[in-house]
Amino acid sequence: MTDFADLGLSEPLLRALQDLGYERPSPIQAQAIPALLSGRDMIGQAQTGSGKTAAFGLPLLEAIDPEDKNVQALVLTPTRELCIQVTQALRAYGQRKGVEVVATFGGAPIRTQQAQLKGAQVVVGTVGRVLDLISRHSLILHDCRWVVLDEADEMLDLGFLEDVEKILKLCPNGRQTALFSATMPPPIAALADNYLYDPALVKVKSDTLTVERIDMFHVVVGKRDKADKLVEVVKAEKPEQAIVFCRTKIGCEQLFRKLRDQGMNVKALHGDMSQGSRDGVMLSFKAGRVAILVATDVAARGLDIDSVTHVINYDVPTSPDVYVHRIGRTGRAGRHGRAITFIEPSQMDSLDAIERHINDKVPAWAPGKVGVRFGGSPDDAAATESTDAAADSADAKDGAEDAPKPRRTRARRTAKSDDEATEATATDEAPSTDDKAAGDTPAEDDAEAKPKPRTRSRRKVVDADPGDAPEADATPAADEKAADDKAPAATNGASADGGSSDDADTDEDDDRPARTRRRRSRKPGLSRGEGPLTSVVAQLGLEDGVSVADVVRAITDAAAVDGEVVQDVRVRTRFTLLKVPTSELETVLGSDPAIGGRALELTTLG
């Protein structure tokens with residue numbers, strides 16, 4: 001079959017696909033659509049980027065009765081971003097048929113979603129929010145005859161499998177169920193055995209994966225040098241758009257700030273951000289206004305952005321399957337992409353596992369170098385073999401240079417001269433959280449030196465009223481107080497110049513300049529917008545069919561601002577409340593945003 005018309009789809013869906021520019025079905029679409037149209041349950045196993053949404057979305061919409069205003073189909077997704085993307089796709093496919101599709105996910109006002117469920121025929125939701133709406137009797141599944149589990153293995157990884165079973169038990173027994181998963185671990189296979197009846201199995205072979213157009217590399221680098229190496233790689237690669245994956249939310253925020261301080265056009269995306277902020281970041285990235293997106297694995301599944309040219313695994317993936325899902329964000333729509341993975345010297349086993357999974361070696365990165373391609377032909381391997389052989393010696397040298405240097409053992413402070421103490425204070429880095437856990441803290445180093453107990457009575461007098469102290473002590477005391485205000489002391493019982501407070505008090509003639517201490521590393525606070533905020537009211541609300549995402553999208557498109565500018569969006573029955581930074585107020589109010597041709601009519605509140 002080479003055309004969607006051969007698959008048995010109705011005319012409204014075919015016209016919608018023509019409007020979207022779809023010409024030929026992908027392999028999983030060609031196999032899954034006829035099976036689902038025949039009414040069979042199905043297990044679809046295919047990697048990311050293979051077109052699974054259309055594979056289940058088109059048969060699902062074919063079964064919907066536009067005249068029946070009850071919930072007829074339910075699609076469960078593991079993440080909010082995937083939920084929004086599936087909703088947008090189903091709305092586009094069913095536009096000419098008049099099917100009402102509603103997204104339900106956490107992080108957004110539940111009352112808004114309760115109102116939108118009235119008249120909804122297809123519900124796409126995350127597992128937790130769907131259960132919440134069911135418990136509130138806002139989502140009734142008595143007439144639900146279609147259930148889709150999208151990215152079921154990701155639901156397993158996130159611990160949602162028990163909740164998924166609760167939802168399936170609440171659906172009618174005569175439903176049609178489709179399960180899509182990139183991998184098939186035993187718990188997912190058991191779920192299929194228990195809740196699917198005689199399912200058809202559709203599995204796309206690896207040679208049809210979209211990641212065959214991706215050049216892959218690795219970079220061996222020490223943990224402390226990863227951020228600097230990332231800046232070097234980005235400047236050398238010059239990506240049109242890139243996604244940088246981190247393992248943790250805090251690490252994602254820290255890396256975002258480092259890249260921002262380097263002057264890069266970068267945004268962060270992680271689970272601690274509000275839903276409005278996440279929507280705004282994704283809108284900016286999809287529109288091309290943001291070049292680099294630093295994200296956790298929340299963005300690894302299902303996102304379809306054709307302009308992404310690079311994927312950088314700043315933290316090594318937890319498994320080869322996660323690796324494939326991550327790098328599948330590039331090399332889409334027939335374009336070539338590049339994937340670069342940072343490997344710490346202690347993580348070489350992870351690189352070996354990835355190489356076994358793709359059945360090839362991943363070469364070391366070099367600017368402009370051609371890498372190995374997952375699923376590539378033997379000709380591709382032959383084309384890169386000579387390049388890899390010529391670079392073997394250089395790769396070994398790079399690995400040796402990138403490997404972290406042995407950690408310097410600190411000498412006792414009592415054995416250092418004043419000059420040595422000054423040099424050590426200027427060069428030693430602030431301890432990380434891992435270092436503290438291992439017991440390598442400055443406080444323990446000072447315990448070896450056993451300094452004199454610190455006397456604070458004279459210092460309090462000097463700090464409180466410098467005029468009462470001798471003139472020679474006033475300036476050093478003020479400098480010491482300023483240094484203390486700027487950063488916390490690195491050691492217990494030590495003054496700014498490395499000695500005890502008694503020594504500082506007696507060295508009144510010491511005219512050495514005060515040193516600036518390094519700031520301790522600490523857990524960053526998450527950015528929520530800068531400067532004072534002004535409350536704004538829009539004249540469209542729930543009765544106009546407006547959602548939070550609609551308001552954010554309308555304002556960011558009209559005012560050409562980032563989505564983070566629009567904050568605390570609350571959609572009421574007849575109006576919508578939101579906040580914007582005062583510095584951006586004039587730009588937002590003068591942009592005249594509209595939703596579906598209806599003006600928001602923004603005005604300040606108060």
Side-chain angles (χ1 to χ4, degrees), residues 21 48-49 79-82 84-85 88-89 210-217 219 226-227 229-246 251-253 255-270 273 277-315 317 322-342 365 367-371 373-374 527 552-553 556-557 560-565:
T48 182
T79 65
R80 289 177 272 186
E81 280 70 25
L82 185 56
I84 294 172
Q85 181 166 303
Q88 292 172 344
T210 57
V211 290
E212 64 185 5
R213 297 178 176 272
I214 303 171
D215 292 328
M216 293 179 288
F217 307 92
V219 176
K226 287 172 71 173
K229 192 67 176 179
L230 176 61
V231 174
E232 176 189 339
V233 169
V234 171
K235 289 182 178 180
E237 290 286 333
K238 296 181 175 61
E240 294 180 23
Q241 280 191 301
I243 301 179
V244 180
F245 283 109
C246 297
C252 175
E253 184 73 15
L255 183 60
F256 155 68
R257 294 188 175 194
K258 290 178 182 178
L259 296 182
R260 182 190 61 185
D261 293 343
Q262 293 286 338
M264 295 184 178
N265 181 14
V266 60
K267 291 292 183 182
L269 181 68
H270 52 74
M273 299 169 61
S277 298
R278 290 167 67 170
D279 290 343
V281 169
M282 287 307 304
L283 288 172
S284 299
F285 191 66
K286 288 182 177 179
R289 295 193 296 269
V290 175
I292 301 174
L293 181 66
V294 181
T296 56
D297 284 317
V298 72
R301 295 286 185 122
L303 298 186
D304 188 2
I305 304 175
D306 296 340
S307 57
V308 175
T309 58
H310 289 67
V311 166
I312 300 176
N313 294 311
Y314 185 79
D315 291 325
V322 175
Y323 174 81
V324 172
H325 293 309
R326 284 184 177 184
I327 69 174
R329 300 306 100 218
T330 186
R332 304 177 79 91
R335 304 178 64 179
H336 290 283
R338 290 168 74 85
I340 303 170
T341 303
F342 284 21
W365 172 82
K369 185 176 180 179
V370 178
R373 292 180 181 173
F374 184 22
S527 57
V552 174
R553 185 182 299 108
T556 53
D557 289 346
V561 296
D562 290 336
E564 293 178 339
V565 169

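What you see is a predicted model; the values in this text were computed from it and never measured.
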Open item on the list: Show the nearest heavy-atom pair for residues His270 and Cys252, with the distance to one decimal.
Closed with: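 Taking His270 first and Cys252 second, the nearest heavy atoms are CD2-SG, 3.8 Å.
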Task: Heavy-atom pair with the smallest gap, counting every atom of Phe342 and Tyr314 - done: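 Heavy-atom minimum between the residues: CB-O, 3.6 Å.
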Task: CA sep, side-chain torsions, deciding dist, call: Val281, Val290, side chain to side chain contact (heavy atoms under 4.5 Å, CB included) - done: CA-CA 8 Å; Val281 169; Val290 175; over 6 Å; no
Atom [atom1] in [X], atom [atom2] in [Y]: separation rounded to 0.5 Å?
{"X": "Glu237", "Y": "Arg338", "atom1": "CD", "atom2": "CZ", "result": "4.0 Å"}
{"X": "Lys235", "Y": "Gln262", "atom1": "NZ", "atom2": "CD", "result": "5.5 Å"}
{"X": "Ile340", "Y": "Ile327", "atom1": "CD1", "atom2": "CD1", "result": "12.0 Å"}
{"X": "Phe285", "Y": "Lys267", "atom1": "CZ", "atom2": "NZ", "result": "13.0 Å"}
{"X": "Glu240", "Y": "Ser307", "atom1": "CD", "atom2": "OG", "result": "7.5 Å"}
{"X": "Asp279", "Y": "Leu269", "atom1": "CG", "atom2": "CG", "result": "9.5 Å"}

- [ ] Check step by step if side chain to side chain contact (heavy atoms under 4.5 Å, CB included) holds for Thr556 and Arg289.
- [x] CA-CA 11 Å; Thr556 53; Arg289 295 193 296 269; 4.0 Å; yes
TODO: Apply the test side chain to side chain contact (heavy atoms under 4.5 Å, CB included) to residues Val294 and Cys246: give CA-CA distance (whole Å), side-chain angles for both, the deciding distance (0.1 Å), then the verdict.
DONE: CA-CA 7 Å; Val294 181; Cys246 297; 3.8 Å; yes
TODO: Start with the C-alpha distance between Glu253 and Arg257, add both sets of side-chain angles, then the distance that settles side chain to side chain contact (heavy atoms under 4.5 Å, CB included), and finish with yes or no.
DONE: CA-CA 6 Å; Glu253 184 73 15; Arg257 294 188 175 194; 3.5 Å; yes
How about [X] and [Y]: do any of their side-chain heavy atoms sit closer than 4.5 Å?
{"X": "Lys258", "Y": "Leu230", "value": "no"}
{"X": "Lys286", "Y": "Gln85", "value": "yes"}
{"X": "Lys226", "Y": "Asp315", "value": "yes"}

Open item on the list: My understanding is that only one of Asn265, Val234, Val266 makes a side-chain contact (heavy atoms from CB on, under 4.5 Å) with Leu259; could you say which?
Closed with: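 The passing option is Val266.
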Open item on the list: Please enumerate all residues that pass side chain to side chain donor-acceptor pair (under 3.5 Å) together with Asn313, with sequence neighbours excluded.
Closed with: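 Once residues adjacent in sequence are excluded, the partners of Asn313 under the side chain to side chain donor-acceptor pair (under 3.5 Å) criterion are Arg326, Thr341.
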